[in-house]
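Below you'll find the structure, written out as structure tokens, and then a few comments.
Worth saying up front: this structure is predicted, and the values here are computed from it rather than measured. All residue numbers refer to positions in the sequence shown, counting from 1.
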Amino acid sequence: MIYIDSTLKHEWNLMFNEMICAVLEEKGLSCYLPQRDTDQTAGRKAIFEQNMKALDRSTHLLAIGSNETPNWGFEIGLSYATRRVVILAMNNHALPLMNEFAADELMLVDDLDDINSYIDKLTRILS
């Protein structure tokens, strides 16, 4: 299962997260999308516990490098030694140093919104 790590604080991320998840699932990959699969109405501790259980079950972490938050970095750090970490970001985006080098793979693209231009490569990386 692929855990999709992205902020829920920006409208662009919310829309992009849903799109990338849907395309990956259409390609036959199983995804955990916190904004969809974690009860966001639960208390903060319950949200944390749900996300930690999902991370424990995941084999990959796909971190969306746009509008990063401390939670984004925490999930990468937590995943560093236990599952494959892939960061998907724009070529010109400066990633936080520690997170960049905790990734097993950096997939840098010209335009994150142009999913069709990179989805086959991303699917291979995540399979």
Donor-acceptor pair, distance only, cut-off 3.5 Å: does the side chain of E68 make one with the backbone of L95? no

Can you confirm whether V109 sits close enough to M107 that some side-chain heavy atom of one is under 4.5 Å from a side-chain heavy atom of the other? yes

Drop me the distance from W72's CH2 to L8's CG, to the nearest 0.5 angstrom. 14.5 Å

Taking atom CE as the centre, does M98 end up with more than 12 heavy-atom neighbours from other residues, nucleotides or ligands that are less than 6.0 angstrom away? no

Check whether any side-chain heavy atom of M90 lies under 4.5 Å from a side-chain heavy atom of L108, and answer yes or no. no

Kindly say whether L61 contributes a backbone atom to a donor-acceptor pair with the side chain of D5 at under 3.5 angstrom? no

Could you pull out the closest heavy-atom pair between P34 and N51, with the gap in Å? CB-OD1, 3.9 Å

Full working for side chain to side chain contact (heavy atoms under 4.5 Å, CB included) between L112 and Y118: CA-CA 9 Å; L112 284 172; Y118 60 81; 4.2 Å; yes

For residues 43-54, the salt bridge (Lys or Arg N to Asp or Glu O under 4.0 Å) pairs (sequence neighbours left out) are K45-E49

Tell me if a side-chain donor or acceptor on S117 pairs with a main-chain N or O of D114 at a distance below 3.5 Å. yes

Taking all non-hydrogen atoms of both residues into account, name the closest pair between Q50 and A42 and its distance. NE2-CB, 3.9 Å

Identify whether I119 and M19 are in the same connected component of the hydrophobic contact network (ILVMFWY, side-chain heavy atoms under 4.5 Å). yes

By side-chain hydrogen bond (donor to acceptor under 3.5 Å, both in side chains), which residues pair with R36, not counting sequence neighbours? E25

Answer yes or no: is there a side-chain heavy-atom contact under 4.5 Å between V86 and D104? no

Residue pair N71 / T69, side-chain donor-acceptor N/O under 3.5 Å: no

Counting distance only, does the side-chain N/O of W12 pair as donor-acceptor with the main-chain N or O of S66 below 3.5 Å? no

Would you say the side chains of T7 and N13 form a donor-acceptor pair under 3.5 Å? no

Are any non-hydrogen side-chain atoms of I47 and D39 less than 4.5 angstrom apart? no

Would you call L106 and E100 a side-chain contact if the rule is heavy atoms closer than 4.5 Å? yes

D37 backbone acceptor or donor facing Y32 side chain under 3.5 Å: yes

So how far is it from I64 CD1 to H93 NE2, rounded to the nearest 0.5 Å? 11.0 Å

When rounded to the nearest 0.5 angstrom, what is the spacing between CG in L126 and SG in C31? 8.0 Å

With a 4.5 Å cut-off on side-chain heavy atoms, are E18 and L33 touching? yes

Pair K27 + D120: basic N to acidic O under 4.0 Å: yes

Please say yes or no: joined through hydrophobic side-chain contacts below 4.5 Å, possibly via intermediate residues, are V85 and L88 part of one cluster? no

d(L78 CG, M52 CE) to nearest 0.5 Å is 5.5 Å

I would like to know whether I76 and I87 meet side chain to side chain contact (heavy atoms under 4.5 Å, CB included); could you show each step before the answer? CA-CA 9 Å; I76 290 173; I87 296 178; 4.0 Å; yes

Mark yes or no for whether R83, through its side chain, and L55, through its backbone, hold a donor-acceptor pair below 3.5 Å. yes

Using the side chain to side chain contact (heavy atoms under 4.5 Å, CB included) rule, take I125 and R84 through it: C-alpha gap first, then chi angles, then the decisive distance, then the call. CA-CA 10 Å; I125 291 169; R84 186 161 172 76; 4.1 Å; yes

From F74 CZ over to F48 CZ, what is the distance, rounded to the nearest 0.5 angstrom? 5.0 Å

Between CD of E75 and OG of S6, what distance do you get to the nearest 0.5 Å? 9.5 Å

Flag the pair L24 / L62 as yes when at least one side-chain heavy-atom distance between them is below 4.5 Å, and no otherwise. yes

Could you tell me if Y3 and T59 have a donor-acceptor pair between their side chains, going purely by distance under 3.5 Å? no

Side chains of E105 and H60: is there a donor and an acceptor less than 3.5 Å apart? no

Is L14 close to Q35 at the side-chain level, that is, under 4.5 Å between some pair of heavy atoms? yes

